[in-house]
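When reading the values below, keep in mind they use all heavy atoms of this one structure, side chains included, and skip hydrogens, waters and symmetry mates. Order of listing sets the numbers, starting from 1, for every ligand and every atom in it. Numbering starts at 1 and runs along the sequence shown.
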Amino acid sequence: MCDAEAALREGRGLLAAARGVVVLTGAGVSAESGVPTFRGEEGLWKRYRAEDLATPAAFREDPRLVWEWYAWRRETVEGCRPNAAHLALARLALERSDVTLVTQNVDGLHEAAAREEAGDADPSSALPLELHGSLFRVRCTRCSRREAHRGPVDASSEQTLPRCPSCRELLRPDVVWFGESLPSDVVEAAFGEARTAGLCLVVGTSARVHPAASLPLAVREAGGTVVEVNPADTALTARADLVLRGPAGRILPSLVEEGPV
Ligand code: BV8
Ligand code: ZN
């Protein structure tokens, strides 16, 4: 048996034996769906600098440019489908009540996978905790209005940007920008699960963005095991108990399902 097969068997054993599993995903889990990651070769940040676009200051200074970037990302994602990794994680969360999906992604692909795998059954146990919000929700920059929002955004001028139906002020993407706090209820839910989880499965993240990147460490500090799935080394690799080197779309279905390794 080669090393990769042995590692996969070990990963399966850890997953089966664990009581309480927190799964943390990043942009890499959506890479095989065609969604660009942030820091990879085709990284989103390559063409743009985070501080230029994903910050409150950037939106104050040039809401049109920021909306142009999010409108492009939304359009890109709307053409993408959940891949085998999203679907395997959705099956795992639907089958095991002790599995919690937590994502840094804003692309909605875990939710799409949950609905696809659940069919007519209730998908809610496979809906992820969205630490950084969603491309498909907006919130008002003045009042408390927050709502689902899909479809094209005309970012050709400030006059065509989406405005709040209640107070007419600018709407913004309901995502967490750098320097903004994450939604406290979501953070408390994620770290609350981490404190009692026996295993953290970390899939497709460079583990650079905090506080999300601290989630696996919280599992480890509470005595749990950390398993990383990634084709490359990350800031977490040295702290992982087991590293499954490769693309999530190939590894997750084998890790989650029975059958020959
Ligand atoms: C905050 C939403 C409090 C918008 C994003 C310590 C503690 C607290 C804060 C900080 C801290 N240190 C620094 C900070 C500040 C900052 C931060 O973390 N900066 C970093 C860059 C150092 N954090 C914050 O500002 C956070 N706020 O803490 O509030 C506060 C309040 C006021 C003042 C200070 C603090 C807010 C962070 C949220 C930012 N918003 N996104 C949007 O998406 O547009 S972050 C953005 O990066 C995305 O959410 C993304 O998910 C996230 C992380 O990136 P990754 O998902 O990891 O993607 P990346 O491309 O980096 O990596 C992809 C990986 O996939 C790679 O490893 C690759 O090898 C792998 N891969 C590729 N293909 C595959 C694959 N894996 C598997 N299969 C494949 N096929
Ligand atoms: Zn409003």
Scan residues 23-33 for pairs that pass side-chain hydrogen bond (donor to acceptor under 3.5 Å, both in side chains), counting only residues two or more places apart or in two chains. T25-T103, T25-H110, S30-H86, S30-D107, S33-N83

Pair E111 + R137: basic N to acidic O under 4.0 Å: no

Below 3.5 Å, N or O to N or O, backbone or side chain included: is there any such pair between H210 and ligand 1? yes

Find out whether P123 and E117 are in side-chain contact, i.e. whether some heavy atom of one side chain is under 4.5 Å from a heavy atom of the other. no

Under 3.5 Å, is there a donor-acceptor pair between the side chain of D241 and the main chain of V227? no

P211 neighbourhood, listing ligand 1 atoms whose heavy-atom distance to it stays under 4.0 Å: 28 (O)

Salt bridge (Lys or Arg N to Asp or Glu O under 4.0 Å), that's the test. Do E68 and R64 meet it? Break it down for me. CA-CA 6 Å; E68 188 179 37; R64 194 208 62 72; 3.5 Å; yes

Considering both backbone and side-chain atoms of P247, is one of its nitrogen or oxygen atoms within less than 3.5 Å of a nitrogen or oxygen in ligand 1? no

Quick check: are there more than 12 heavy atoms from other residues, nucleotides or ligands sitting under 6.0 Å from CD of E180? yes

Applying the 4.5 Å side-chain criterion to the ILVMFWY set and letting contacts propagate, would W67 and W69 be lumped into a single cluster? yes

Do ligand 1 and V176 have nitrogen or oxygen atoms that lie under 3.5 Å from each other? yes

Using a strict 4.0 Å cut-off to heavy atoms of V106, name the atoms of ligand 1 that fall inside it. 43 (O)

Quick one: does G179 get a heavy atom under 4.0 Å from ligand 1? yes

What protein N/O/S atoms lie closer than 2.8 Å to the Zn ion (ligand 2)? C140 SG, C143 SG, C164 SG, C167 SG

Using a strict cut-off of 4.0 Å, indicate which atoms of ligand 1 neighbour a heavy atom of E180. 1 (C), 26 (C), 27 (N), 29 (O), 36 (C)

According to a hydrophobic-cluster definition based on side-chain heavy atoms being under 4.5 Å apart (Ile, Leu, Val, Met, Phe, Trp, Tyr only), do L24 and V99 belong together? no

Does the distance from a Lys or Arg side-chain N to an Asp or Glu carboxylate O, for R74 and E78, drop under 4.0 Å? no

Within less than 4.0 angstrom of ligand 1, does I251 place any heavy atom? no

Need the ligand 1 atom indices (1-based, order shown) with element for anything under 4.0 Å from a heavy-atom of G26. 56 (O)

